[in-house]
Amino acid sequence: MKADCYIVELMAEFTGFASNMGVVMDGWPCKLRELDSGEWCYLIDAKVFHNDSPSPEDAPCDGNLGMLCKDLQERAARGDSTLIAQFFGLVVPGTILARHIFKGLERPLLADGDDHADKCKFVYTRKPAYDYIWIGEKEGKMRSQDVPIGCVFAVYVTPNVKHKDQFPEISGWIDHWAWLEEDSGLPEATDGWIDRYDMKVWTREQQ
């Protein structure tokens, strides 16, 4: 299957009208990569760390995060149209614009057989100008709307450790994204970030 067919097929899961996908395809900043398994993966531009355990003194570089197409298709099949619209409208073009990157969740997490998965998570936060939703069904389209008042947008990432040799260009895998309440003391950070995360590893300097 052609790579760009995944975008059409994905959106068609909840729109039911593949021919209306011009709004998604025209000039869309998606990069797709076929994995050795035959699956397709979106590559998202982001600030990344070559060191899996960075300190606040380590500067990130430009790199790629991955999101499996099948994972998006599963969310589309569940009817999570807002999540899909946010992925294409906020995650894909905006993760590279993150204001802060945090590491480690202050809550136990078991994932992929790792009893300490909470310690390795990265969280990218920023305050975009708009939110995105999907309007309509068969002949629907993405639409921008005002952001939730007093909130920031957070993207959760798991470092690519197990498959680093196989996919060296993918620094991490995107797990989830959501709007969360903004911290009162640190602009564009999630509320209570000091207690929520192990550390803040990077902040973009304001221009």
Side-chain angles (χ1 to χ4, degrees), residues 29-31 33 41-68 71 83 86-131 147-148 150-207:
C30 283
K31 296 181 291 184
R33 182 193 194 284
C41 173
Y42 291 102
L43 297 182
I44 293 93
D45 294 335
K47 293 293 184 181
V48 301
F49 297 92
H50 291 306
N51 179 2
D52 292 331
S53 300
S55 71
E57 289 73 35
D58 295 326
C61 60
D62 291 344
N64 294 307
L65 301 176
M67 179 75 190
L68 292 176
D71 289 345
L83 282 178
Q86 288 173 343
F87 176 78
F88 287 109
L90 297 174
V91 176
V92 171
T95 304
I96 188 68
L97 303 176
R99 179 72 187 281
H100 306 289
I101 302 177
F102 302 93
K103 186 174 187 295
L105 304 180
E106 285 296 332
R107 55 182 174 86
L109 178 66
L110 171 64
D112 200 19
D114 183 359
D115 292 333
H116 305 287
D118 49 294
K119 300 301 180 184
C120 71
K121 296 288 183 181
F122 286 97
V123 184
Y124 293 67
T125 67
R126 70 183 184 104
K127 195 167 187 177
Y130 301 99
D131 188 15
V147 303
C151 291
V152 296
F153 191 70
V155 177
Y156 293 81
V157 174
T158 297
N160 180 20
V161 176
K162 288 189 174 182
H163 308 288
K164 191 67 175 178
D165 291 340
Q166 191 174 8
F167 311 119
E169 75 274 36
I170 299 176
S171 295
W173 302 98
I174 292 178
D175 301 320
H176 184 59
W177 49 93
W179 287 97
L180 300 173
E181 186 176 349
E182 184 175 18
D183 190 74
S184 59
L186 184 63
E188 300 193 59
T190 51
D191 183 49
W193 65 270
I194 293 178
D195 298 320
R196 187 188 292 262
Y197 311 119
D198 287 344
M199 68 176 73
K200 176 168 66 71
V201 292
W202 181 73
T203 292
R204 182 188 302 275
E205 294 184 3
Q206 287 186 309
Q207 301 296 323

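The analysis underlying the following values was restricted to heavy atoms, covering all of them including side chains, and did not include hydrogens, waters or symmetry mates.
- Looking at Asp183, its side chain does come within 3.5 Å of a backbone N or O of Gly192 through a donor-acceptor pair.
- A cation-pi arrangement is found for Lys103 relative to Phe122, the charged atom lying closer than 6.0 Å to the ring centre and inside a 45° cone about the ring normal.
- The shortest non-hydrogen separation linking Gly63 to Val48 is CA-CG2, 3.8 Å.
- Contact check for Leu65 versus Leu43: no side-chain heavy atoms found under the 4.5 Å cut-off.
- Residues Val92 and Ile44 share a closest heavy-atom pair of O-CG2, 3.8 Å.
- Ring geometry for Phe87 versus Trp177: interplanar angle of 30 to 60°, hence tilted.
- For Tyr130 against Leu90, the heavy-atom pair with the smallest separation is O-CD2, 3.2 Å.
- Across all non-hydrogen atoms, the minimal contact from Trp173 to Ile170 is CH2-CD1, 3.6 Å.
- One finds the CG atom of Leu186 at 8.5 Å from the CD1 atom of Ile194 (value rounded to the nearest 0.5 Å).
- A distance-only check finds no donor-acceptor pair linking the side chain of Tyr197 to the backbone of Thr190 [under 3.5 Å].
- Taking every heavy atom of both residues into account, Cys41 and Gly66 meet most closely at SG-CA, 3.7 Å.
- Looking at His100, its side chain never comes within 3.5 Å of a backbone N or O of Val123 through a donor-acceptor pair.
- With sequence neighbours excluded, no residue satisfies ring pair (Phe, Tyr, Trp, His ring centres under 6.0 Å) with Trp202.
- Side-chain contact between Met67 and Val91: absent, with no pair of heavy atoms (C-beta onward) separated by less than 4.5 Å.
- Judged as a side chain to side chain donor-acceptor pair (under 3.5 Å), and not counting sequence neighbours, Trp193 has no contacts.
- No side-chain heavy atom of Arg196 sits less than 4.5 Å from a side-chain heavy atom of Phe102.
- Counting only residues at least two apart or in different chains, salt bridge (charged side-chain N to carboxylate O under 4.0 Å, His left out) contacts with residues 90-101 comprise Arg99-Glu188.
- For Thr125 against Ala154, the heavy-atom pair with the smallest separation is CG2-CB, 4.1 Å.
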